[in-house]
Every structure is written in structure tokens, then in C-alpha cells.
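When a ligand or atom number is given, it counts from 1 through the structure's own listing order.
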Amino acid sequence: MESIKTIVLKVDPRQPELGKIRVAAEVLKKGGLVAFPTETVYGLGANALDEKAVLKIFKAKNRPPDNPIIVHVANEDDIYVLAEHVPEIAEKLIGEFWPGPLTLLFVRSEAVPNAVTAGLATVAIRMPSHAVAHTLISEAGIPVAAPSANLAGRPSPTSAKHVLDDLSGRIEVLIDGGEIGYGVESTVLDLTTDPPTVLRPGPTTVEELRKVVGEVEVHPIAKAEVPIEVAIARSPGMKYRHYAPAAKVVVVEGPLEGIIRKVQELVDAQRKPGKKVGVMAMEETAPKYRADVVKVVGGHRDPRAVAKNLFKVFRELDAEGVNFVVAEGLEPTGIGLAVMNRLRKAAGYNIVYAE
Ligand code: TXA
Ligand code: MG
């Protein structure tokens, strides 16, 4: 790819300087690419109504063309332009969870270019709550198509540095708004099924959704502990080996005492000269392990911290040349389900059950 100069605009994440945001908004309006922080991960944005601009996203990321992109809006009315039909349940969910980390799937309208939906009959829409994302989209005055701002196959970026590591020279502008709040991507909820179906677990939890709308299905792939056939991967992103560090990963699940024993056993079995073995541990357990690298990613009592640090730790393990990683599993409830979904996938469903 031909290299362009990536301009970095550093802003105050809570009260972003309007002058800088307007520079970025102009780039979007002219069909360019802008990476920006959201409350979940950094996104790589383009004008969602401009097919040529959207195709640049696929090129910059090396994204497979059959993987559709979420459209980000700052104004609720935009959904009536982008969606053919807005069910009643959507209004309830939007009232409760927008702006925020919940993406809703609707039957698409004619206004949405094919590149955005990868030819599917549906369109995914969300309204981010991050002040930078919100201000950028409303200043541009257009809906913004934005996948996570990483190269395809790399973990989603949770800092401006991660974005530059992957996309420097490939995009016009990066808005640096510091570190991210949640650290895992938004919950994707399909509203074209009855009851609605969670296709990707995220920061808006299944438990919270059920409190508001009653019955909610969780797609088998979202809670999968084994690889699932691509044929039933309703969300094309499901089938790609996402979120993966270069190292081989094993996840250990089960009761805590059992996990601690099993993790050390697996580490001991792998350690040999020339091989670097790491553990992704929690603050409660990290002191117990002997390995080449032990990373604290959060706490069993603090799954939000795990969500926030997970992708950063993946990148650190790669940078340190770790070849084999043993990761402790969390309880797959609340935000823990989002964490386990990413972790199991990164491990290629290589899961060991401890007793
Ligand atoms: O938190 C997030 O959602 C971040 C920030 C930037 O908003 N974005 C993000 O985008 O994670 P991306 O492209 O990395 O993941 C979007 C997921 C993919 O798994 C994709 O297949 C799915 O959403 N998706 C998008 N449009 C869809 C559609 N029309 N039908 C089914 N799945 C869709
Ligand atoms: Mg992504």
C-alpha cells in the first residue's frame, strides 16, 4: 500500500477541542479515513454513505470484503434513514442503552452502500457515548462506518499507540484521546429475530438486556466453548480468528483452586530452553506462578479490569516474544462472558478444564 502521512491530533477525551475535531470531520466528509477513540475500542471511520470511502477501510485494514461494518451515529433519527424497519423493541433498548456500547442489527435500507453490509440484508448501528466519537460524528454530520482500528487478525486497539503500530501510513488522521474505558468491543444484538439474539457479547451484558426486554437469546457462537461451523455464523466476523496474539494460547477454566494447579502444571510441561512461556493471571493468583513471564490482567473479583487490559496484554505478550501463553478463565457471566468469548477465540478453543 502507498504510504500517506498520518496526522495525530491529541485531544482532551472529556472535552475535545472543537478546532481539532473539525479538522478530522472535514477529512471524513471528503472521503478520508479517521481513527478515533470510542468507549469500547478505537474505531477506523469513513463516511458510511460513501462507498468509495468505505472501501478504503477494507484496504487499510486488510479486512476480508465479506465482513460487514458497524455504522456509528450521533443522532437517533439517523436509524430511520439507515434501517428499513425499526421494531418497537429497538426504541426501548435505545432509550435505555444509547449512547453506549450496544450495537443493534436492523433490516437495512437502500441508503446503505453494499460495502458497509458486505451484501447482507441487515445493517448494524450504534451510538457511541465517548465525547470524542460523539463530537466527531455530529460535526461531520454523516453516519460513520467504523470497524476496530487494527489490522485484520490483530487485537482491537485500546490506545492511540496500538492504532499507530498497525495503521501508521495507511490512514489520514488519528485522534489520540488516551486510553479506553471498556476495552472490549460493543455487544451486537440482532433485532431481526424474535426474541432478539446476542451475536457478540460485550459491555452491555445479557443480564442487563433481559431486565429491559425480557427474553434474549445468546447465539451458540457467542458462548461457544468449541469451534462452531461457519455455516451458522450469522455475523461474518464470528468466523475469523480475531483478537489473537501470535503466541499459542491455552485457557484454563473451572474452580479457582483447580485453575491454579492446572496452570502451573501446563507451564511446567511447556518450559524448555529457547521457549518463552507466559501466564495471564489475576491479581489474586499471580504471586503463585513460576513462569518466564507472568502478567496480571485484572482480578477474579474485577472482571471489568480484565476486559480493559485483555487486548493490551495480548500485544505485550507478542512484543516480548512469548511463544506459549496459559490464561486463567473467568466466570462467563456479566462482562465476563465478553472476556471469555474473546479469550476462547484467541485460544482457538484450546480449553483445559480444571477440577
Ligand atoms: O465496539 C465496537 O463495536 C467497535 C467500535 C469501533 O465501535 N467496532 C467493532 O467493529 O468492533 P468490528 O468491525 O471490529 O466488529 C463488528 C462486528 C463484526 O463481527 C461484524 O461481522 C459484525 O459486527 N457485523 C457488522 N455488521 C453486521 C451485520 N449487518 N450483520 C451481522 N454482523 C455484523
Ligand atoms: Mg474488529
Side-chain angles (χ1 to χ4, degrees), residues 34-46 48 54 57-58 60-74 82-84 97-109 112-130 132-134 136-137 143-158 162-163 166-167 175 177 180-193 197-204 219 221-222 230 232-244 307 311 338 341-342 345-346:
V34 175
F36 58 95
T38 81
E39 68 277 21
T40 56
V41 299
Y42 273 77
L44 176 59
V54 173
I57 294 179
F58 286 88
K61 283 190 54 132
N62 289 332
R63 185 179 179 93
D66 66 346
N67 196 2
I69 300 181
I70 297 170
V71 180
H72 296 64
V73 300
L82 301 165
E84 183 63 46
F97 297 109
W98 278 16
L102 176 65
T103 296
L104 300 174
L105 225 69
F106 299 95
V107 175
R108 66 181 279 200
S109 79
V112 185
N114 270 322
V116 171
T117 66
L120 295 179
T122 52
V123 60
I125 311 177
R126 91 174 185 96
M127 185 191 287
S129 61
H130 195 291
V132 173
H134 196 89
L136 174 67
I137 300 162
V144 174
S148 51
N150 51 283
L151 286 173
R154 298 264 292 152
S156 290
T158 55
H162 297 164
V163 178
D166 281 14
L167 299 178
I175 307 179
I180 288 296
Y182 289 112
V184 286
E185 309 87 346
S186 63
T187 306
V188 177
L189 184 68
D190 187 349
L191 297 182
T192 69
T193 59
T197 311
V198 171
L199 300 181
R200 179 174 74 180
T204 301
H219 194 279
I221 217 158
V230 173
I232 61 165
R234 196 178 313 140
S235 192
M238 289 172 164
K239 73 183 183 211
Y240 295 108
R241 184 178 180 265
H242 255 167
Y243 322 116
F311 293 144
N341 169 262
R342 308 315 189 266
K345 222 167 161 180

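- Between atom 10 (O) of ligand 1 and the options Ala118, Pro147, Gly202, the minimum heavy-atom separation is to Pro147.
- The Mg ion (ligand 2) has no N, O or S atom of Ser156 under 2.8 Å away, backbone or side chain.
- Not a single heavy atom of Arg108 lies less than 4.0 angstrom from ligand 1.
- For Thr122, there are no side-chain hydrogen bond (donor to acceptor under 3.5 Å, both in side chains) partners, not counting sequence neighbours.
- Here Arg63 has side-chain heavy atoms under 4.0 Å from ligand 1, and that is the only part of it that gets that close.
- Using a non-hydrogen distance threshold of 4.0 Å, Glu39 does not register as a contact of ligand 1.
- Looking at Ser148 next to ligand 1, an N or O pair under 3.5 Å apart turns up.
- Among residues two or more places apart in sequence or in another chain, the side-chain hydrogen bond (donor to acceptor under 3.5 Å, both in side chains) test is passed with Thr204 by none.
- Taking a cut-off of under 4.0 Å to the non-hydrogen atoms of Asn67, the atoms of ligand 1 that pass are 18 (C), 20 (C), 21 (O).
- Not a single N or O atom of Lys61, backbone or side chain, sits closer than 3.5 Å to an N or O atom of ligand 1.
- For ligand 1 and Ala124, the ligand atoms under 4.0 Å from any heavy atom of the residue are 25 (C), 26 (N), 27 (C), 29 (N).
- Counting heavy atoms from C-beta outward, Val71 and Phe106 have side chains that stay 4.5 Å or more apart.
- At least one heavy atom of Leu105 lies less than 4.0 angstrom from ligand 1.
- Near His72, meaning under 4.0 Å from any of its heavy atoms, are these atoms of ligand 1: 5 (C), 6 (C), 7 (O).
- The two residues Ile137 and Val144 have their closest heavy-atom pair at CG1-CG2, 3.9 Å.
- With a 4.5 Å cut-off on side-chain heavy atoms, Val73 and Leu82 count as touching.
- When heavy-atom distances to ligand 1 are checked against a 4.0 Å cut-off, Thr122 comes that close through both its backbone and its side chain.
- For Arg63 (side chain) and Pro68 (main-chain N/O), a donor-acceptor pair under 3.5 Å exists by modelled atom type.
- In this structure, the side chains of Arg342 and Phe311 come closer than 4.5 Å at one or more pairs of heavy atoms.
- A salt bridge links Glu39 and Arg126; the closest N-O separation between the charged side-chain nitrogens and carboxylate oxygens is under 4.0 Å.
- Annotation: side chain of Leu189 is in contact with side chain of Val198 (closest heavy-atom distance under 4.5 Å).
- No side-chain donor from either of Thr40 and Ser186 sits under 3.5 Å from a side-chain acceptor of the other.
- Taking a cut-off of under 4.0 Å to the non-hydrogen atoms of Glu185, the atoms of ligand 1 that pass are 1 (O), 2 (C), 11 (O).
- Which parts of ligand 1 touch Gly43 is read off a 4.0 Å heavy-atom cut-off, strictly below it: atoms 6 (C).
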Legend entry - CA sep, side-chain torsions, deciding dist, call: Ile69, Phe58, side chain to side chain contact (heavy atoms under 4.5 Å, CB included): CA-CA 10 Å; Ile69 300 181; Phe58 286 88; 3.5 Å; yes
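- Some N or O of Ser186 is nearer than 3.5 Å to an N or O of ligand 1, by distance alone.
- Close contacts of ligand 1 with Thr40, meaning ligand atoms under 4.0 Å from a residue heavy atom, involve 1 (O), 2 (C), 4 (C), 5 (C).
- At least one N/O-N/O distance between Arg126 and ligand 1 falls below 3.5 Å.
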